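Here is the structure we will look at, set down as structure tokens.
Convention: sequence-line order gives letters A, B, ...; per-chain numbering from 1. All figures in this text were calculated on a predicted structure; none of them were measured in a lab.
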Amino acid sequence: MEIAPKYSPREVEEKWYQFWLDKKLFHSEPDQRVPYTVVIPPPNVTGVLHMGHMLNNTIQDVLVRRARMQGKNACWVPGTDHASIATEAKVVKMLADRGIDKSSLTRDEFMKYAWEWKEEHGGIILKQLRRLGASCDWDRTAFTMDDTRYESVIRVFVDLYRKGLIYRGVRMVNWDPVALTAVSDEEVVYKESQSKLYYLRYYVEGEDRYIVVATTRPETILGDTAVCVHPDDERYSWLRGKRVIVPSVGRSVPIIMDEYVDREFGTGALKITPAHDINDYALGLKYGLESIDIFNDNGTLNAHGSSYAGLDRFACRKQIMRDLEAAGLVEKTEDYTNKVGHSERTDAVIEPKLSAQWFVRMEGLAKRALEVVEDDTIRFHPAKFKNSYRHWLENIKDWCISRQLWWGQRIPAWYFEKEGRTETIVALDEAEARTIAREQYAYTGDLRQDEDVLDTWFSSWLWPISLFDGIRHPGNPEINYYYPTADLITAPDIIFFWVARMIMAGEEYMDKVPFHNVYFTGIVRDKLGRKMSKSLGNSPDPISLIDRYGADGVRMGMLLTAPAGNDLPFDEAVCEQGRNFSNKLWNALRLVSGWKVASETISNSSSSDTSRTSSTNIPSNESAVQWMEQRMAQVLEEVERDFDQYRLSEALMATYKLAWDDFCSWYLEMVKPAHGEPIDRTTYEATLSIFTRLMLMLHPFMPFVTEEIWHQLEVEKLKLKIDNPDKVEEYPQFSILNSQFSIMNQRMPQSVYYDQRLLDEFDTAREVIAGVRNLRNTRGLSPREPLPLTYLATDSRFCISHFEGIIRKLGGISSIAAADAKPAGSLSFMVGTTECFVPMSQSVDKEAELKKLRDDLNYYEGFLASVMKKLSNEKFVSGAPAAVVEKERNKQRDAETKISALKAQISALE
RNA sequence: GGGAGUAUAGCUCAGCUGGUUCAGAGCGCCUGCCUUACAAGCAGGAGGUCACUGGUUCGAACCCUGUUACUCCCACCA
């Protein structure tokens, strides 16, 4: 079978993903195994895949696939978020494009459009995730507004209300006067803008004196109910207890004194408009001030605006300034730069507005959520996020959960009027509300349901529970098995909105934390360190990246640059590295599967003399296999340690080097038979086994190429067992192989004991080979011509006997021998403290040689001096641990050896 | 304004409990190679006053003081 010299990911990825789906290899059901559960951070249902998703989901897939291969019952639950604000905005825009105004629709009509739109355009992102190779259990795909999740949310609302943890109250919200809705703090964008600071005169009641107040919003004086100064501000101490007249309005308002005021700013006097500024509102509450709302919902002045009623707020500002100017009430006007909040959606200037909203009491929930992170029941990776988590929870405010939208879970509260009072009933549905109305209030008339919907986070905080229907059916087999989940992988910017609240919900409804570990990813930036954004156009399309580099390549690119919690400057070049790596593995397969296997087991494939050592008689292939096994065990240990600490990029890099450097560059070169020669069966089997385990190690990172190669390796293994390898396709095992088995079902190799001395010895051998190659390279020696190698047997630590065969083969060495003195006419290089020689076949540049030697000598003499300085220090010798002192003595001996060797070389040349 | 973090090779970052993993890795760069698996490759090589400062210590990239620069989060100012 011919194998193409270039790996082409496209067909391979399509083939295997479909295979995995067909065989239901991602599907999980509760069983006797240990569960490993991950719930996806649900992306917006109308979203498209961006680099942040790529990173986040690649990490999840790596952890899930690894857990699966460790024999755990891995369950990764996918789903989408209804994202009420963003989605509603998109639907409104879609309707507008079709000439339909949202306000012309009833709520039911709008919801019908919205659902249609969601069915049509929703969930694209989940399809895209398949391209990435995400091993989600798609049978479990959920939506935060599907029936199960919707009902769970309503139940939780009712439950919390009945526990007294939900209440309705008044609060200042960010009002968008164009969209006619409140928007969350996160949807307000602050923009620098050139504005003016107006200095206005407030006359003291009954006196001819006035105080000057600075404001950027003179129109709001219509709602002023106080003027505030700092209690320690001597400039204004005379005002204590007095009242002032609000200009234009003529209303008398008190002077209040509070330390909130910044004496440095403006005149140090602040007008208080409780209805239109969040801080003023707080002061209003503190001092019992009246709150006068002067605006209509659309930003025009209402009846409190007296003569200005009906004007837009900005028109009013101009007009009121003209009028105040005319009345001589303006002290001065200054240019001023400040930040003004705009609506992300409509760009309208946000108006702070008081309104009735629903809240969740946070105090008790926050306390428990903090405890479980403080005591490491839940671990954060990296741990530094504990700090901001703590800070937020310790200063938490009640959670406003109502939104003035239609797309979302409608708040299950019903109102009716009775005896002039508005009564509120919170119930699971209208029928229950009616029953309550009848039984508790003797009311049978119409009920009016609250118009608002719930904050999207009020559904996503239940996600780890509601996915397993643990709200509606506590204690069901699924929730008992899958909860708590294992790891949560998310971006740090939603640590408060989502992570903290899931922990609260977990404690409240399951009495258990929702996950054990939280892995915070970094933010994907471009090479220049800018955040990726649509407006900058600096975000590559992930699907196009996959098209060009393969999913494995892109996954590797993301992972290599993404240590936990660090931002990652994304550069396509790393995807290229990933693609190259796939190709490298592919070509290793081409090489190995092309080998002919000797029909009888012989101790060595290349029967030439050079591959047997004279001194120790260890076949080079046997030592190669031994070394590779030790090395693999060593890397496995390292990788396990890395995974324990969630250091995925380190784990991948270690595996990458094992595969590329150790396996391809060294091992395969060691065992590669001479051209046209077969390889011995023992070595071949060992090679297939090692290669297979490498694929297992790499599979979580690069699922597609490893699955493909793994299968082909299984075919090679099968060929060894059957009579006629050329007709492998005709054997029944072949079809089984292709129809049932997957690398996904294989067990991840585990670290075992390894012989460090053997690894060290190989490193020495490797240095010898590199030394020879370097000489050939720099002295123009033929790479082919066999050279005899001798070395000065002065250091007993210099040990290469185990790998002499390999040194011969890879170094092109004809013989290896110890010597007592430098052979005449030879080139030398140092390996550790041992000097090695090969014969010099041509004249050398004597001066250059001498210079290099003298430089080395210089360095080692300096090094020796620093070591001697330490050793002659009485305090060091007596104070440092014996082992450390001994190490210094060794350094001294080594340096002395090298120095005398160098001196000898120099004098020989001179 | 409050809080957290970072500074090590051209770039991105490791460096765990202070001492041979102590100055490392990957990429990039330079030199030479189309050596029959791979030029998406092979072999070799060069690059750093560990931001600056002072201290602790026999010994500091690592611990402490201060300085500078940058980043993030929270609160936002009339």
Side-chain angles (χ1 to χ4, degrees), chain A residues 3 5-7 185 190 197-198 213-217 220 228 260-262 264-273 277-280 336 338-339 341 382 384-392 395 492-493 495-496 522-523 527 529 549 553 560-563 565-571 573-574 576-595 641 645 647 649-650 652-654 656-657 664-665 668-669 672 675-676 769-771 773-778 780 783-784 810 869-871 873-881 883-885 887-888 890-891 894:
Chain A
I3 306 180
K6 291 266 193 291
Y7 173 65
D185 293 346
Y190 287 91
L197 193 54
Y198 304 96
V213 175
T215 179
T216 52
R217 300 200 56 195
T220 62
C228 187
Y260 167 73
V261 175
D262 177 3
E264 307 301 317
F265 189 88
T267 60
L270 172 68
K271 68 188 212 56
I272 304 298
T273 321
D277 182 280
I278 179 75
N279 297 305
D280 292 9
Y336 182 65
N338 64 348
K339 283 184 188 158
K384 67 177 178 185
F385 288 107
K386 270 171 91 169
N387 291 330
S388 47
Y389 181 82
R390 183 188 313 112
H391 186 255
W392 187 71
N395 298 286
D493 51 345
I495 181 171
F496 309 130
I523 295 167
K527 308 194 240 203
Y549 301 107
L560 276 183
T561 41
N566 272 13
D567 284 0
L568 60 143
F570 183 78
D571 186 341
V574 268
E576 200 177 320
Q577 191 184 351
R579 179 199 61 176
N580 294 354
F581 184 46
S582 302
N583 194 52
K584 185 72 185 177
L585 298 172
W586 181 252
N587 275 286
L589 173 70
R590 281 183 73 211
L591 176 69
V592 170
S593 62
W595 285 340
R641 212 170 37 234
Q645 297 169 41
R647 295 155 60 120
S649 51
E650 267 93 349
L652 173 56
M653 181 52 72
Y656 170 81
K657 286 194 280 192
C664 292
S665 296
L668 289 180
E669 293 299 331
K672 190 190 217 168
H675 194 239
I769 294 165
R773 285 172 173 171
N774 189 15
L775 282 185
R776 288 187 195 271
N777 225 345
T778 52
R784 301 284 176 81
L810 298 190
K869 193 179 160 195
K870 264 192 200 175
L871 284 171
N873 182 335
E874 197 49 44
K875 283 184 183 166
F876 171 74
V877 178
S878 58
V884 174
V885 177
K887 275 172 190 163
E888 288 303 314
N890 284 337
K891 282 188 196 173
D894 290 355

Whole-Å P distance, C73(B) and C30(B): 39 Å

Any Tyr7(A) side-chain heavy atom under 4.5 Å of Asn587(A) side chain: no

Sugar-phosphate only, base, or nothing, as touched by Ala770(A) at under 4.0 Å among non-hydrogen atoms: sugar-phosphate

Nearest-angstrom distance from the residue atom CD of Gln645(A) to P of U17(B): 10 Å

Span that lies between the C1' atom of A51(B) and that of A69(B), in whole angstrom: 8 Å

Syn/anti label of G47(B) as read from its glycosidic torsion, with the cut at 90° from 0: syn

Interatomic distance at P, G19(B) relative to A60(B), whole Å: 11 Å

Proximity to the side chain of Asn387(A) - top-ranked nucleotide from A14(B), A4(B), C77(B): A4(B)

Distance in angstrom units between Asn774(A) CG and A43(B) C1', rounded: 10 Å

Base-pairing mate for A46(B) - Watson-Crick or G-U, with both contacts under 3.5 Å: none

Sugar-phosphate, base or nothing in reach of His675(A), heavy atoms under 4.0 Å: sugar-phosphate

Nearest-neighbour nucleotide for the Arg647(A) side chain, A14(B), C38(B), A25(B) considered: A14(B)

Spatial distance of atom CZ (Arg579(A)) from atom OH (Tyr549(A)) [nearest 0.5 Å]: 6.5 Å

Sugar-phosphate, base or nothing in reach of Ala588(A), heavy atoms under 4.0 Å: base

A25(B): pairing nucleotide in any strand, Watson-Crick or G-U under 3.5 angstrom: U12(B)

Nucleotide nearest Asn583(A) (side chain, heavy atoms from C-beta), chosen from C38(B), C77(B), G44(B): C38(B)

Listed nucleotide nearest any side-chain atom of Asn279(A), set A37(B), G45(B), C76(B): C76(B)

Touch class at under 4.0 angstrom, heavy-atom based, for Lys6(A) against every strand present: base

Interatomic distance, Arg390(A) CZ vs C74(B) P [rounded to whole Å]: 17 Å

Residue-phosphate contact under 4.0 Å: Arg773(A) side-chain N/O, G44(B) OP1/OP2: yes

Any Lys584(A) side-chain N or O less than 4.0 Å from OP1/OP2 of A39(B): no

Partner nucleotide of C72(B) by Watson-Crick or wobble geometry (both distances under 3.5 Å): G3(B)

Heavy-atom check, side chain of Thr220(A) versus side chain of Lys271(A), under 4.5 Å: yes

Integer-rounded Å distance: A43(B) P and Leu775(A) CG: 17 Å

Euclidean distance for C1', C64(B) against C27(B) (whole angstrom): 36 Å

RNA chain B: 5'-proximal contact among Arg217(A) and Trp595(A) (nearest heavy atom): Trp595(A)

Opposite nucleotide pairing with G18(B), Watson-Crick or G-U, both atom distances under 3.5 Å: none

Separation of atom CZ in Phe581(A) from atom P in A40(B), rounded to whole Å: 17 Å

Strand partner of U35(B), provided both Watson-Crick or wobble distances fall under 3.5 Å: none

Pairwise C1' distance for A61(B) and U17(B), with rounding to whole Å: 15 Å

Selection from C42(B), G19(B), C38(B) that lies nearest to any side-chain heavy atom of Ser665(A): C42(B)

Tyr260(A) OH to C77(B) P, straight-line distance once rounded to whole Å: 7 Å

Upstream residue (5' side of RNA chain B) when Glu264(A) and Glu669(A) are each assigned their closest nucleotide: Glu669(A)

Any Val885(A) side-chain heavy atom under 4.5 Å of Glu888(A) side chain: no

Options G19(B), A14(B), G41(B), nucleotide nearest the side-chain atoms of Asn580(A): G41(B)

Inter-nucleotide P distance (G59(B), U67(B)), Å rounded: 26 Å

Among C77(B), G44(B), G19(B), the nucleotide that comes nearest once only the side chain of Asn777(A) is considered: G44(B)

Atom-to-atom span, CD of Glu576(A) to C1' of A39(B) - whole angstrom: 12 Å

Whole-Å gap separating C1' (U6(B)) and NZ (Lys384(A)): 8 Å

